[in-house]
Colleague: 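Below you'll find the structure I mean.
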Amino acid sequence: MGATLNGLLFYVCAAFSIIHLAHSQNQQGFISLDCGLPSNESPYNEPFTNLTYISDASFLHSGKTGTIHKDLKTHFMKPYTGLRYFPDGIRNCYNLSVMQDTKYLIRTVFVYGNYDGLNASPRFDLYLGPNIWTTIDAKLSGPGMAQEIIHITRSNILEICLVKTGTSTPLISALELRPLPYDTYITRTGSLKYVDRIYFSNSDQGVRYPEDVYDRAWSPFLPVEWTQINTTLNVVDPHKDYNPPQDVIKTAATPAIASEPMTFSWTLDTSDDETYAYLYMADIQKVRNNDTREFDIIANGKVEFDPYSPMKFEVEVLFNRVPLKCEGGLCRVQLSRTRKSTLPPLMNALEIFQVIEFPQSETNQDDVIAMKNIRDTYGLNKISWQGDPCVPKQFLWSGLRCNVIDVSTPPRIIALDLSRNNLTGEVPEFLAKMKSLMLINLSGNKLRGRIPQALLDREKEGLKLTLDGYLRTCKSCKKKFPVVAVVGASLSSVAIIITVVVLIFIFKRKKPSISKVKRSSLELKNRRFTYSEVKDMTNNFQVVLGKGGFGVVCHGFLNNQQVAVKVLSQSSTQGYKEFKTEVELLLRVHHINLVNLIGYCDEGNDLALIYEFMENGNLKEYLSGERDGSVLNWPSRLKIAIESALGIEYLHIGCKPPMVHRDVKSTNILLGQHFEAKLADFGLSRSFLVGSKTHVSTTNVAGTIGYLDPEYYQKHWLTEKSDVYSFGIVLLEIITGQPVIDQSRENSYIVEWAKSMLANGDIESIMDPKLQREYDTGSSWKALELAMACINPSSAERPNMTRVAHELNECLEVYENLTKRRSQDANSSKSTGHSISFVSDTPSAR
Ligand SMILES: *[C@@H]1O[C@H](CO)[C@@H](O)[C@H](O)[C@H]1NC(C)=O
Ligand SMILES: *[C@@H]1O[C@H](CO)[C@@H](O)[C@H](O)[C@H]1NC(C)=O
Ligand SMILES: *[C@@H]1O[C@H](CO)[C@@H](O)[C@H](O)[C@H]1NC(C)=O
Ligand SMILES: *[C@@H]1O[C@H](CO)[C@@H](O)[C@H](O)[C@H]1NC(C)=O
Ligand SMILES: *[C@@H]1O[C@H](CO)[C@@H](O)[C@H](O)[C@H]1NC(C)=O
Ligand SMILES: *[C@@H]1O[C@H](CO)[C@@H](O)[C@H](O)[C@H]1NC(C)=O
């Protein structure tokens, strides 16, 4: 229905000429790029809107500039008369610096205007980062084309890419970003793609900035069967969030035949698409006291919002909180007067959106930063090196190989071929920071100097590093190099030089005798303690922190540092194997979210493990209130969940070979002084093979009842997804505060209990009452859905730990953004609660 965005934006002479510029507004956070504008003409104020446009030149490195045919220029606002086109490369990207986690209206404008005199009709794709946004078909004679979405930025960089799909050359005229309040235009998933934005009037004037403070573009529209009413009086907007312009709400439509309903419809691409509608309502007729205006709102034949009466001279926005789907993609909404109503229905303005998903995760940010570093350090101006390095696959940067698991997992770069690139200078050390790299080819370049130690260390861990031979033989210069440097740098200090020389001498002499094996046994030795040392440490096992099947955990001191000493009871035969597993594993792996092993004692029958001391005990104690009744608040719980997830993720993908913990549970998550979470107890951990085998079969099922993956239990297949299941149970404990097994509950197992509560769809009954409702629905639902996904009976359906950690991070972000906004709102004493949902708001249980 209605005019399109395209029609509106372009015929400016008619549409915008009488807009008054009287009220000056601020354009804070607006990004207005006039693509193709020469830098020396930038910036300028566009005369109709008074918006300040700047040149796009500093936001990308490619493309050529042009202007539309001179005869067409008068039809368009100045920013849309120039353009940038991209004859080279497949994908060309703008890199915009934006505010992170901010809701933006993003508008792209394309006017071909026969700039090249070819009378062509270019067709190409538009991408938002690694995700396709839409296909652009910029006709020669048409008014051009605009695309608009409302989207929340995930980082402080937004990439908008134009992708050549056939023979035609992509082009762009303008790029406009407008920040919106975070709590407007809420969608349950994805982003919102513009379908329509109209106000009901027989005027021929579009409305934009500055009338619309967010620079939404409103088209006037009035179907023949409706009639316009208007007012000169002010229409109050007490809410100040959707901020419709006065020009838009001072007119309204009612049916021309007063007894008829008002019906409007729109189409979506498919039956599966979801849509949101925003209805702007204000009664702007002076009505007699004995008159009523009341109507039902019926969406797709179903009454969604029963009797509604618009406020008198006060605007309200009605929208559906739950996305609507429409049979065959055809959506129909009807405003139908009730029996009691003496006046026909009325509506002032309408916005319609379709949900658009951008599912593909961007490549791991550390990898991206490293790649940009390489590009900038070596001035590699490769045309394909734009946009996301790994995805979509067809635009993979040349010389890279990536590991792309699924859309929800950020891809990692695993191989980098920079051979024959005329690279000069030192061998880049920062490559060592790309932890997922397995292969680097730097041969055929003119690099010099020594190979950085960090890279050599990575090589020992299995990185395949291909370099020109002379760099390797250059090893001898490695020893000379520091001497020269020191002599040069410290002529004033003879002592330092002597020390260095002595150290080098010792180093030279000792080096051949230190083989890899010996060094690790040396390390082991340093961490080995005698039984009498352990006795001293714990003051003869005086303070017992806890007990378990294995023995006891005692408090102790080692060089004034607090430690926890796990003493294994001599009776347990299984104990020794687990003890060995744990020592071997913890000496090998190190991660901030795994408990740190300081040492061990292995003296005949006396076995002990010495760990760093974790002041706040284990997570279970906190959740069950055993710990002096103090309660972990919601953000702390999310933080603990994130950190534990990262610890497990490290075992799964950071270790070589990968490990499965096999006993993830809330008592094995320890909390430090500042509630930092660390995973403990690796006695049952197993490595599993990588390669074609995706699981290991085990004869003994080990683990803890309640946390045990049913698939592992039944099939004896062990995969890292068993830990994901156990973690899902921990997450449920974190969210609900419920014991895992509680015979006094109707559903004694927490999983069954959660499912039954979910069926009621009531979040408050699931959440831990100790939280006293100090949480938001967004992040709590998301966490709950994640927990349910982790405990999916089929391991293949469960997310991996990378995904889990990522989603938990998003939960925390959702929560933090909300609290941030709440405090801002509190400052501006803003009223809320007027936005009425016309579809009931019950989240679905999964
Ligand atoms: C136009 O915008 C500028 C700032 O960009 C402002 O200083 C000026 O007052 C505005 N003019 C009008 C007529 O609003
Ligand atoms: C994108 O812009 C940001 C901020 O201006 C900058 O830090 C970053 O290096 C740019 N990235 C690319 C790929 O040009
Ligand atoms: C109200 O509508 C009438 C009839 O269309 C029109 O003549 C009049 O100019 C309008 N007034 C305003 C304030 O728009
Ligand atoms: C409302 O009141 C007016 C007079 O004030 C009267 O003419 C009219 O019939 C009344 N309408 C109804 C529906 O009662
Ligand atoms: C490294 O690059 C060179 C030159 O392109 C090539 O000959 C060699 O096979 C590459 N080595 C590996 C391990 O990919
Ligand atoms: C490297 O330099 C040579 C000679 O200057 C040049 O022909 C070649 O194209 C360059 N290669 C690359 C990848 O830049």
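Indexing begins at 1, ligand by ligand and atom by atom, following the structure's order.
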Colleague: Return a yes/no value: protein heavy atom under 4.0 Å from atom 2 (O) of ligand 5?
Modeller: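 Yes, there is a protein heavy atom closer to it than 4.0 Å.
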Colleague: Which residue supplies the protein heavy atom nearest to atom 13 (C) of ligand 5, what is that atom called, and how far is it?
Modeller: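 The protein heavy atom lying closest is Thr466 OG1, 3.6 Å.
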Colleague: A side-chain contact here means heavy atoms from C-beta on lying under 4.5 Å apart; do Gln386 and Asn92 qualify?
Modeller: yes
Colleague: Measuring centre to centre across the rings, with the benzene-like ring taken for any Trp, is Phe86 within less than 6.0 Å of Phe124?
Modeller: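 No.
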Colleague: Quick test of your reading of the model: are Asp366 and Lys433 salt-bridged, counting only N-O distances below 4.0 Å?
Modeller: no
Colleague: Using a strict 4.0 Å threshold on nitrogen-to-oxygen distance, state whether Asp709 and Arg798 make a salt bridge.
Modeller: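 Judged by the 4.0 Å cut-off on N to carboxylate O distance, Asp709 and Arg798 do form a salt bridge.
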Colleague: Does the residue Ser443 have a heavy-atom contact with ligand 5, meaning some pair of atoms that are separated by less than 4.0 Å?
Modeller: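 Ser443 counts as a contact of ligand 5 under the 4.0 Å cut-off.
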Colleague: Identify, for atom 10 (C) of ligand 5, the protein heavy atom at the shortest distance, and state residue, atom and that distance.
Modeller: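 Nearest neighbour among protein heavy atoms for atom 10 (C) of ligand 5, to 0.1 Å: Asn441 ND2, 2.3 Å.
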Colleague: When you check the gap from the basic side-chain N to the acidic O, do Lys782 and Glu785 get nearer than 4.0 Å?
Modeller: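 Salt bridge: no.
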Colleague: Would you tell me which option among Ser419, Gly399, Ala415 has the nearest heavy-atom contact to atom 5 (O) of ligand 5?
Modeller: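 When every heavy atom of Ser419, Gly399, Ala415 is considered, Ser419 comes closest to atom 5 (O) of ligand 5.
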Colleague: Which of the numbered atoms in ligand 5 are below 4.0 angstrom from a heavy atom of Arg420?
Modeller: 4 (C), 5 (O)
Colleague: So is there a nitrogen or oxygen of Lys464 less than 3.5 Å from a nitrogen or oxygen in ligand 5?
Modeller: no
Colleague: Is Glu643 salt-bridged to Lys678, cutoff N-O under 4.0 Å?
Modeller: no
